[in-house]
Amino acid sequence: MNTIRLGSIQDVPVIHVRHPKATADISLFGGQVLRFQPANSHQRLWLGEKAIFNHSTAIRGGIPLCWPWFGNHKPGPDPLSQTAHGFARQSLWNLDHSESNEQEARLRLVLRANEHTLSLWPHHFELQLDITIGESLTLRLTSKNTGAKPWSFTGAFHSYFATDDIRQSELRGLGRLYLDSVDNGTPCNGNGTLAFAKALDHVYTAPETNCVLSLPQGTTQIAATGHDSLVAWSPWREGAAAMADLTDDDYLRMFCVEPAVFQQPVCLQPGEEHVLKMTIS
Ligand SMILES: O=P(O)(O)OC[C@H]1O[C@@H](O)[C@H](O)[C@@H](O)[C@@H]1O
């Protein structure tokens with residue numbers, strides 16, 4: 001089967017890609033890949049059964065796009081924000097193009113400045129998300145300044161990875177140096193391998209290009225460019241209990257690894273662009 005079909009989950013438009021090399025689902029709300037599973041291999045992404053599909057709440061799972069800021073601080077003169085992780089993950093994107101051949105399926109999603117985005121962030125932009133689905137999944141997020149003034153952004157691929165058991169999962173390639181966000185951003189030095197045993201929110205500031213997730217069900221690999229940090233996050237039991245869109249034991253089956261523009265906002269002059277890229281295999 002080789003099809004690209006527009007369907008929906010609770011009225012949210014979702015593109016279903018069924019290809020001999022892989023299957024994937026992509027929500028136009030958020031421009032968000034929800035699932036990616038190579039043929040004869042394990043599901044790479046986690047999507048919560050309690051994820052909310054209502055055209056306004058950010059969908060918990062898959063790969064939310066944090067943009068044009070990460071966390072609660074916008075870069076620029078007016079930093080305080082009510083919208084955590086920017087507005088891209090809560091915006092309706094347009095499908096600009098889709099095609100497929102024997103090797104892969106390709107989609108291009110686009111989000112441009114509109115009345116709503118301008119009310120939150122007064123800049124003209126075009127965001128282009130190129131998604132390639134084949135033996136691996138590649139996301140290429142191009143940020144373009146289409147306005148007349150420079151602006152700066154931060155952001156991330158907020159990827160939720162599926163694991164059969166977080167307690168038996170180990171990550172390598174994050175680097176050693178990290179800021180511990182659970183402890184007010186204290187700088188720390190790890191041993192190069194990350195295992196999970198409690199709530200964790202780390203910003204790795206010198207990541208390697210490739211990150212390997214050793215999971216009970218197999219291996220997942222992440223390669224990224226255009227970022228300056230890798231964020232690793234698990235809400236653990238207590239964090240999950242405080243979130244309406246997580247079940248009590250969801251924390252055992254997922255964690256996030258997020259290639260991010262975090263330490264140094266990227267400044268784009270009019271006409272300039274930046275590419276953040278990630279491949280999951
Ligand atoms: O609940 P949200 O807004 O999707 O954020 C979840 C987490 O996202 C991570 O990227 C942050 O490092 C965490 O601090 C945050 O709690």
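As the structure lists them, so they are numbered: ligands from 1, and atoms in each ligand from 1. These numbers were taken from a predicted model, which means no experiment stands behind them.
Closest approach of G61 to Q32, counting heavy atoms only: O-NE2, 2.7 Å.
If you look at ligand 1, the protein residues with a non-hydrogen atom under 4.0 Å away are R60, F70, H85, R89, H158, D201, V231, W233, E258.
Counted by atom type alone, H16 and T3 present zero donor-acceptor pairs between their side chains at under 3.5 Å.
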Return all side-chain donor-acceptor pairs below 3.5 angstrom for residues 265-281, not counting sequence neighbours, or 'none' if the list is empty.
residue: E272; atom: OE1; partner: Q269; partner atom: N; Å: 2.9
residue: H274; atom: NE2; partner: G226; partner atom: O; Å: 3.1
residue: T279; atom: OG1; partner: T138; partner atom: OG1; Å: 2.9

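Taking the six-membered ring for Trp, F53 and F29 have ring centres at least 6.0 Å apart.
Relative to the ring axis of W69, K74 places its NZ or CZ within 45° and under 6.0 Å from the centre.
Around the CD atom of E102, the shell of radius 6.0 Å holds no more than 12 heavy atoms that belong to other residues, nucleotides or ligands.
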